[in-house]
Structures are given as C-alpha cells and as structure tokens.
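Working notes, structure below.
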Amino acid sequence: MEKGGLKEPEMAQQVGKLLQQMQEKFEAASNRIVSKVDDMGARIDDLEKTIADLMEEAEATLPAQEGNPGK
C-alpha cells in the first residue's frame, strides 16, 4: 500500500530514522543541560566558599575595630 509516494516499509524506515535523529538530538541537548548544571553547581560551591571566607575575615576584623574607637 502506498501513501504519499512511499510504500509502508519505506515509510516505517523513514519514521525510524526520524525517531533516531530526534533521540540523538534529545540526548545531546540533555548532555549539554547536565554539563551546564554541573558547572553552575561548581560555581555556586566556589561562591559559598568565598562568602564563608569573607565572613570569617569580617569576624576577625570586627573585634579589632570595636576595641579601637578612633577608627
């Protein structure tokens, strides 16, 4: 049986090829998203460490400033 110029086996083959291409594109997009999420996680970890370091530095300098009212 022909539909639109393609026989059913040919149509099934084309549909299979299209589904395979879609799967490959989906996997590539998924991998890019996971990679970006991992990068963001690493950047957030770095930011948290920097904030913790700044807070420690601020706490270390705060008592020195309180004990020295002239500054």
Side-chain angles (χ1 to χ4, degrees):
M1 183 176 191
E2 285 191 29
K3 292 184 180 179
L6 291 176
K7 295 180 182 176
E8 283 188 26
E10 293 171 342
M11 187 181 305
Q13 185 178 12
Q14 290 293 329
V15 170
K17 184 189 284 188
L18 179 61
L19 289 173
Q20 180 63 34
Q21 290 172 349
M22 290 174 61
Q23 178 68 27
E24 290 169 2
K25 288 181 180 183
F26 179 80
E27 286 178 13
S30 179
N31 289 338
R32 285 192 303 270
I33 290 169
V34 168
S35 176
K36 289 183 185 234
V37 168
D38 288 344
D39 290 344
M40 287 175 54
R43 292 174 69 186
I44 289 170
D45 290 344
D46 290 344
L47 182 59
E48 288 175 339
K49 184 182 179 322
T50 300
I51 289 170
D53 291 346
L54 289 171
M55 289 177 68
E56 286 179 21
E57 184 180 322
E59 289 172 0
T61 59
L62 187 60
Q65 289 177 352
E66 288 176 356
N68 200 352
K71 287 191 174 180

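For the salt bridge (charged side-chain N to carboxylate O under 4.0 Å, His left out) test, residues two or more places apart in sequence or in another chain that qualify with Lys49 are Asp53. Taking Gln21 as the reference, Lys17, Leu18 meet the side chain to side chain contact (heavy atoms under 4.5 Å, CB included) condition, with sequence neighbours excluded. Taking Ile44 as the reference, Glu48 meet the side chain to side chain contact (heavy atoms under 4.5 Å, CB included) condition, with sequence neighbours excluded. Partners of Arg43 by side chain to side chain contact (heavy atoms under 4.5 Å, CB included), not counting sequence neighbours: none found. Partners of Glu10 by side chain to side chain contact (heavy atoms under 4.5 Å, CB included), not counting sequence neighbours, listed by chain and number: Leu6, Lys7.
No path of Ile, Leu, Val, Met, Phe, Trp and Tyr side chains, each step under 4.5 Å between heavy atoms, connects Leu62 with Leu54, placing them in separate hydrophobic clusters.
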N/O donor to acceptor pairs below 3.5 angstrom from side-chain atoms of residues 23-40, sequence neighbours left out:
from, atom 1, to, atom 2, distance (Å)
Gln23, NE2, Glu27, OE2, 2.8
Glu24, OE2, Gln20, NE2, 3.1
Asn31, ND2, Glu27, O, 3.3

